[in-house]
Amino acid sequence: MQQRKILLNRKINKKAQEEMVGFVLIMLLVAVIFLVFLGIFIRKKPAERDQNAEISQFLDAAVDYTSDCTIDGYHYLNLAELIAKCDERARCNSNEETCEVLRSSLKGLVEVSWTFGPESPNKGYIVEVSRETTRVLVPPVLPSPNARPGGCSSHTGAEKPIFTNAGAVTLSLQICLT
Amino acid sequence: MSKKGYEFSFAWLFTILVGAMIIFLAVYITTQIVGTRRLEQETLVGKQLGILISPVETNLEQAKFAVISLNPETKLINECDSERGTFGSQDISAKVSSGIGKKWTDIPGIASSFHNKYLFSEKEVYGKKEFYVLSKPFKFPFKLADFIIIWPDTKNYCFEITSASSGSAQAAIKKEIEELKLKNIQIGSCPAGSMKVCFSGTSGTNCNISVDLANKKVTHKNQGAVFYAESFDNEDKYALLYAAIFSEPEVYECQIKRLAARASELALINKEKSEFLTAQRGGCSSAPVLPKALEYFRTALASIDSSSDLDNVRDKAEELKQKNDVLICKVF
Amino acid sequence: MMCLFAKSSKGQMKMQQTAFMLVALVIFFSMVGLIYFSISMANLRKNAAKLAEKEALETVKMLAGTPEFAFTSSSDCSNCVDLDKVLLLSEKMDSNYKNFWNFEQLEVEIVYPKPSSNAKCTKANYPTCKNIVLIEKGEKKPKTAFVTLARWDSRLGTFKYELGKIHATEKNLTK
């Protein structure tokens, strides 16, 4: 009788342990499945080229800016026309290169619209004028001659296509945030 | 013998009384809260409608069409006051239907007020699920404003347009309805119950709205006639015609007076601009010809008492446009 | 008797096990749900902030299209602000144009070329000035949009286009 009791107890204990192990296994399985889904869900998407609304508006307004460059002595070129003439390597009446006037105008426009510096939320910028990302019309416009392009880990920006006789040129402004 | 009876004790009595009181209070407070929330909701809907209408206004486009979804059923109240301030005012309020208490309140929510919007519609626009908004710019001869024309999904309009020659008003309207895919507007084969719009030259019986293109007159059945003038936009001349068709005559006449006031102020700004630019050394010389023409135009606008005076003013506007167009540096 | 006792307590044990497991599962899935919603709420807030910024820019930009601001003298620039008109309009803001727009503050600023003076524009110093104040500054931070400003340049003998900004703060809409 005593022996039967001991056997019965052992069986009960073993059963309880089996139940606990089973429960833990189920929890582990659910946890693993959850982690897999979590991993898929929060995996960083490749950074999309999101157009910043403010910069986009800036570019829309900037392309109409009247520069100091005239070719015929009467009509002063706006930024969009300067880009087209720069593509043709034309010179202004004052013998300045249109590309040089374009660079200085872009630099002036950007630097007066935003504050840049180590203390500012905007660390730097890069303005590019190019056709199909292969042919660069002007060297990238940067805050200072020593600044390096592509040194941003986080940036925001916008692009605007400008249509010239030879096809579309892209004017882009990227502002570095970190 | 034991008699089994039920003792209606004081505790039971107290419980029933208190329970009844609590239920009554709960129902009463709920209905009060519902009433207050309903006013809040109606005011909010009125404000939201005002906001939703803003992006529909055109900047560069000829016309824009948008649909405002409603939930629940809503009545838009269009109040126009041409006497308030220099430009009059456009008040928009709303009534929202409710399943508790009365379906519609007697008084709408608090109105949202605008001085720079011109809403052409019935005084009370009842929509079940949608409001349709058509925005059209109006030039006279410079751009005065964007008209916001609203009609509900509970009203079907049917334009009796017969084979219209190209360049005519009917052709232009037909083309626009098709291009913008305006909802609740049908062309020809008018079903029963629809708002029939007949154009002069079409044999129309039972027309709710008759358009006399020769005299630029729009007559609403049992409500009287209003007049319209063509816009100085060659691509889109009939903004006022649409406004006259879709709005109640009283609302239309009030908006015409408000537009006249706006035109007068814009003419004054343009006059001062012309004089200011002429006065500058090497300035843009447009005075004294243009300022005089603008002053005549303002005088004509001041005489507008109703839409029937529009045609007289159009001659002055035409003259003004011609004088401006010949300038090297146009004022407008 | 012993067997009966053992069977009934076995049943109770089973029920308890099930109950505890269900409780544990519920707690577990609630935590999962909590993490999921906090991640998606963070995304939602980010998107809402982006949309609010875009909407603010569009509202201010739309002001540039109103007849009092719009430049229509030339087809060179279809969405420009007529700075000459705005200067004259600023003199009417306390009279005929008072409360015309639902704005608490409204200002047009000349950004580039950078003006040589920081003064407010008047007929006397125009265009060598910084800004045209239509409605005086309030307390709230205004919404700002870049615009092209058009004006007649007597030196060039033609219309000149400059970079500018419109600063505006909206009012509440009720009567």
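The sequence lines fix the lettering, A, B, ..., with proteins before strands; numbering per chain opens at 1.
How far CD1 of B:Ile269 is from OH of C:Tyr97: 4.0 Å, rounded to the nearest 0.5 Å. Atom CG in B:Asn116 sits 7.0 Å away from atom CG in C:Asn102 (nearest 0.5 Å). Between atom CG of residue C:Asn99 and atom OG of residue B:Ser113 there is a gap of 9.5 Å, rounded to the nearest 0.5 Å. Remark: C:Asp84 CG to B:Cys329 SG distance equals 10.0 Å, nearest 0.5 Å.
With a 4.5 Å cut-off on non-hydrogen atoms, C:Lys98 does not touch chain B at all. Within the 4.5 angstrom heavy-atom criterion, no atom of B:Leu327 approaches chain C. Neither the backbone nor the side chain of B:Asn324 comes within contact range of chain C; no heavy atoms are under 4.5 Å apart. No part of B:Ala261 comes within reach of chain C, as not one of its non-hydrogen atoms sits under 4.5 angstrom from that chain. With a 4.5 Å cut-off on non-hydrogen atoms, B:Phe142 does not touch chain C at all.
Chosen from C:Leu87, C:Thr158, C:Thr72, C:Leu89, the residue pairing most often with chain B at heavy-atom distances under 4.5 Å is C:Thr72.
Taking 4.5 Å as the heavy-atom cut-off, the residues of residues 119-133 of chain C that approach chain B are C:Lys123, C:Tyr126, ordered by number.
When side chains are defined from C-beta on, C:Phe100 does not count as touching B:Glu265, because their heavy atoms never get closer than 4.5 Å.
Within 6.0 Å of CG on B:Asp325 lie more than 12 heavy atoms contributed by other residues, nucleotides or ligands. Summarising the local packing, CD of B:Glu318 is surrounded by more than 12 heavy atoms from other residues, nucleotides or ligands at distances under 6.0 Å. When the shell of 6.0 Å around NZ of C:Lys160 is examined, it contains more than 12 heavy atoms from other residues, nucleotides or ligands. Under a cut-off of 6.0 angstrom, the local environment of CD1 in B:Ile107 is sparse, with at most 12 non-hydrogen atoms contributed by other residues, nucleotides or ligands.
Residues forming a side chain to side chain contact (heavy atoms under 4.5 Å, CB included) with B:Asn234 (at least two apart in sequence, or on another chain): none.
Counting only residues at least two apart or on different chains, the disulfide bond (SG atoms under 2.5 Å apart) pairs with a member in residues 55-108 of chain C are C:Cys77-C:Cys80. Sorted by first and then second residue, the pairs that involve residues 50-90 of chain C and meet ring-ring contact (aromatic ring centres under 6.0 Å, His included), not counting sequence neighbours, are C:Phe69-C:Trp101, C:Phe71-C:Phe159, C:Phe71-C:Tyr161.
The minimum heavy-atom distance linking C:Pro67 with B:Lys143 is given by the pair CB-O, 3.1 Å. Scanning all heavy atoms of the two residues, the minimum distance from B:Phe87 to C:Asn96 falls at CE1-O, 3.2 Å.
The pair C:Lys92-B:Glu272 meets the salt-bridge criterion, with a side-chain N (NZ, NE, NH1 or NH2) lying under 4.0 Å from an Asp/Glu carboxylate O.
For the 3.5 Å distance criterion, the side chains of C:Ser73 and B:Lys273 qualify, holding a donor opposite an acceptor.
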